[in-house]
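Every chain is numbered from 1 and lettered A, B, ... according to where its sequence line falls, protein lines coming before strand lines.
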Amino acid sequence: MTTDPGKRDGLSVLDRPNSYIGKTVPRPNLDRLMQGRGLYVSDIELPRMAHVVFLRSPHAHAKIISIESSTAKRMPGVVAVVTGPELAAIITPWVGVLSHLKGLKSAPQSAIATDRVCWQGEAVAAVVANSRAAAEDAAEHILVSYEELDAVTDMSTALDPATPVIHASLGDNLAFERNHDAGTVDQAFANSDEVVEAEFIFGRHTGVTLEPRSVVADWNPAEARLTIYQGTQAPHMVQNIAALHLGLKESQVRVVCKDVGGSFGIKVHIYADEMATYALSKLLRRPVKFVADRVESFNTDIHARDHRCKGKIGVNRDGTITAFEIDDLTGIGPYSMYPRTSAIEANQVVNLVGGPYVTKNYRARARVVFQNKNVMCQYRAVGHPIACSVTEGLVDLAAMKIGMDPVEIRRRNLIADDAYPCASPSGLRFEQLSHHAALAKLINMMDYDALRAKQAVLRAKNIHCGIGIASFIEVTNPSAAFYGVGGAKISSQDGVTVRLDAQGSVICQTSITEQGQGSESLTAQIVGSVLGVSMDRVRVILGDTDNTPYGGGTWASRGAGIGGEAALQATKVLRKNILDVAATILQSTPGELDIVGNSIVNTSDGAPRIELNELARIVYFRPDTLPPGIQPELMATRHFVPREYPFAFTNGVQASWLEVDTDTGFVKLLKHWVVEDCGTIINPQLVDEQIRGGVVQGLGAALFEKCVYDERGQLTNANMADYLVPMSGEMPDIDIGHVVSPTLETELGAKGAGEAGTAGAAAAVANAVNDALQPFGATITEIPLTPQIILTALGRI
Amino acid sequence: MTAPISISLEVNGERVDTYVLPRTNLADFVREHLKLTGTHVGCEHGVCGACTVRVNGDIVRACLMLAVQANNASVETIEGLSDSGEIADLQAAFRDRNALQCGFCTPGMLMAAQDLLKQSAEPDREKIREHLSGNYCRCTGYQAIVDAVASTARARVGRAS
Ligand code: FES
Ligand code: FES
């Protein structure tokens, strides 16, 4: 299935002898985590460290009339009680907008609310004490008097003239609107044999990283320097933002990111309570630690996906899809998040709907509205699950309408594998995708026809199983087009430095970060392969703005594609420099030498000439023995950013096989398949496990996960007993296959794989449930597919 | 807030005599008093399993137990199980199968898996999934963990026979 990129003459740097590329090798440093010897932020303790607890608003929308904290301030162990206006003297407010999202507006947000709270959970005061327990005790003695205001909670009425405007200065509750019209949509619908419409509803859910958000901020007034220990995906972004709002230079801020207990986009934003913690450290001149508890996580970690999307598809009897149209509405809470904004998800939905298919007729409207609920922003696979569920849901409805098999209608409409490069109806450019090869592989893996036969047999026994298919595209390797062009100081380039140490081992510093994806491993695999050294000789350093090159970090499926390419290019330079000095030492030429298995060898016969540790010894300790004028550079740095394509699109297809209990409404997931094309695969096991983890997050959204708010804006299930997450007992085994279409924009050829699983899983499940329910004439276009929703659709309750 | 209470217990084979506030839970006790930070806290309300430790041989959720309740007990944490070598094979299987990503669930997951393997020689996949159902993992999707536990079970049975 491997497509030869065809641009490389002979052996590429990736297929050198003993290459680790394409091989499953265990990730370095797992023992640390397995033995309980990791260092997560919650484990960090510093001298004089104090703990902050935030007192949070119980109301969704209210004026703060007064805060009485004199009792709390006298409680044992309390260092300070700080309110919004006091902290405003240390840290400036921010507005989460970007200029390329035209018309996007938001209101200034403060680290701690100053005069008004806009969602249940917004902080109104910080209590700093010598232990978290002491701070919690004191927080109970702070009296806040509020004047409750009307809460805007229902996004579908947020724009009605009768609905109060949350931020008067903005004029209305509309944060952002995007319209897109391509081709001849009205004409296409008018000429279609059939037109099908549906409204798709997506529950608001959240990331539930097992380690809650945590930060230790350490302002050292003697050095005039702030060190921030934070589990973040983007250390340099945090450095920039913290410096900007604290009135510091970036050089005065160091961000250190050790082990991170899950991120998935939750930890790529800047939260008000984190800003407050930085400011408190500066105010109090000592380290301050904030660790969110689980209730706080539910109330303040970004939520995602709250969408209602009307969709329409035109189809002819021969299966040709003639047009797509969507009208998407999403509610993002009271503020657009900072600095990435909360308009990106809706924008992605517009970009991605219809993306796998040939038709050029596409009209879309997306509106993003403010509400008095927790903030919403980018979570794993931003916008993809919405776009995929709407598109694939519509395609299945169209197939049902004309009586065509769901696989067949896709075969007839997916963009042909030889049609690239081409563009989507929303104007996205595709370099090379493989929808048909992926679908063919999937059908084969799942034995589609046999499964259909089995389904029929079971149906006769009153057992209702369903098969659901969902093709998808995924945005990976984002260039500056994602954030940079809109004015955000979020780097789209990454850098890697590699150097040979004095014993012939390699130290590699990279600006991408690790939250368990395997960034460290893939970097070591690339460096080891390109240089010709074994992986145990490569040590990777990441997550420290003082000690890595400048770069974006790990998000939007960019680590392997962008950071990996920087590692490859830096290592090529180091390799050349090593061979140059080796040639000098050995009185040979660089062309006659190679590095294999930690030694310089002859290219001709592979005979070892000199071990790297010996070469390093000479360079570092006996440079006097080298000829005059030779100054070896055993350290090299390269940066990389994609320039040709704004995004490297990947594609894939998923299938779900499940059983619906039509008496109880429960869904049992029996099996799940994914075929995915992320270009060059550096480590198959890491890619597969990224996909599996992503799928399960999508399955959670499909069946269980929902933040349930009442009409007053109260989150009613802010704990792990009431907010259901997927546990091992309910999850199926997931089979994974690959098609490989490397991107030609890099020598590495890797695209991202972090979000593919999440992108299509819910769509596959929803289609499978509808497939199972076909005999009942019931169609559901809402997730999560709870028993209540299913039984309602069946008319049983 | 009442006064600290004296407790004495064994933690990973070492005797500990100390004072704790009655409200201190066992998870905070091992993390904050004993600095055994391998026991993680994910929810503090008994659902996620990240805080799983062994008390007198049985696994418990350390966030649901008070430290004073562990008076006279023998407590084992991930550090103890690692240093004794008791789960070295299970850890190796987790490494080979990449059964951890961020690793935050892993200490609790290893505790729960070892508990199952001690009770049942060769559990099938369904049984493994069921036994681990009180341990939340957001990263892996569970399959790799199930695979690692199953292969450890097979290897242990093979060694025993
Ligand atoms: S922290 Fe104890 S079960 Fe979650
Ligand atoms: S590996 Fe991250 S929660 Fe399990």
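Electrostatic pairing of A:Arg132 and B:Glu44 counts as a salt bridge here, judged by a charged N lying under 4.0 Å from a carboxylate O. Using a 4.0 Å cut-off between charged nitrogen and carboxylate oxygen, A:Asp733 and B:Arg125 count as a salt-bridge pair. Ionic pairing of B:Arg31 and A:Asp43 is present here: one or more N-O contacts between side-chain nitrogen and carboxylate oxygen are shorter than 4.0 angstrom. A salt bridge links A:Glu45 to B:Lys35: at least one charged side-chain nitrogen sits closer than 4.0 Å to a carboxylate oxygen. For the pair B:Arg23 and B:Asp28, the salt-bridge criterion is not met [side-chain N within less than 4.0 Å of a carboxylate O].
With a 4.5 angstrom heavy-atom cutoff, A:Gln690 touches chain B via backbone and side-chain atoms both. The parts of A:Pro726 that come within reach of chain B are both its backbone and its side chain, each placing non-hydrogen atoms under 4.5 angstrom from that chain. Heavy atoms closer than 4.5 Å to chain B are found in the backbone of A:Val260, but not in its side chain. Looking at A:Gln515, only its backbone comes within 4.5 Å of chain B, counting heavy atoms on both sides. Neither the backbone nor the side chain of B:Val146 comes within contact range of chain A, judged by heavy atoms closer than 4.5 Å. Looking at A:Ser131, there are no atoms closer than 4.5 Å to chain B (heavy atoms on both sides), in backbone or side chain. Looking at A:Asp259, neither its backbone nor its side chain comes within 4.5 Å of chain B, counting heavy atoms on both sides. Looking at A:Asp31, the atoms closer than 4.5 Å to chain B (heavy atoms on both sides) all sit in the side chain, from C-beta outward. Only the side chain of A:Arg37 comes within contact range of chain B, with at least one heavy atom under 4.5 Å from a heavy atom of that chain. At a 4.5 Å heavy-atom cutoff, the contact between B:Leu110 and chain A is made by side-chain atoms alone.
Ranked by heavy-atom pairs under 4.5 Å with chain B, the list A:Glu730, A:Gln685, A:Met731 is led by A:Gln685. Here A:Val208 is the residue among A:Val295, A:Val696, A:Val25, A:Val208 with the most heavy-atom pairs under 4.5 Å with chain B. Per-residue heavy-atom pair counts under 4.5 Å with chain A were compared for B:Leu81, B:Thr106, B:Thr140, B:Asn135, and the maximum is reached by B:Thr140. The candidate from A:Gly518, A:Gly38, A:Pro732, A:Gly700 with the greatest count of non-hydrogen atom pairs under 4.5 Å with chain B is A:Pro732. Per-residue counts of heavy-atom pairs under 4.5 Å with chain A were compared for B:Gly134, B:Ser133, B:Pro107, B:Gly49; the largest is that of B:Ser133. Most heavy-atom pairs under 4.5 Å with chain A, from the set B:Glu130, B:Arg138, B:Arg95: that is B:Arg138. Among B:Met109, B:Arg97, B:His131, the residue with the largest count of heavy-atom pairs under 4.5 Å with chain A is B:Arg97.
Side chain to side chain, B:Ser6 and B:Asp17 fail the donor-acceptor criterion of an N or O pair below 3.5 Å. Side-chain N/O atoms of B:Asp115 and B:Gln119 include a donor and acceptor closer than 3.5 Å.
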Exercise. Take B:Asn98 and A:Arg27 through the test side chain to side chain donor-acceptor pair (under 3.5 Å) and record every step on the way to the result.
Key: CA-CA 7 Å; B:Asn98 196 40; A:Arg27 283 160 55 200; 3.0 Å; yes
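The local environment of CD in B:Glu126 is sparse, with at most 12 non-hydrogen atoms from other residues, nucleotides or ligands closer than 6.0 Å.
B:Phe104 and B:His40 have parallel rings, their planes meeting at less than 30° on a 0 to 90° scale where 60° marks the start of perpendicular.
For an aromatic pair to be called close, the ring centres must be under 6.0 Å apart, and A:Phe298 with A:His303 fails this.
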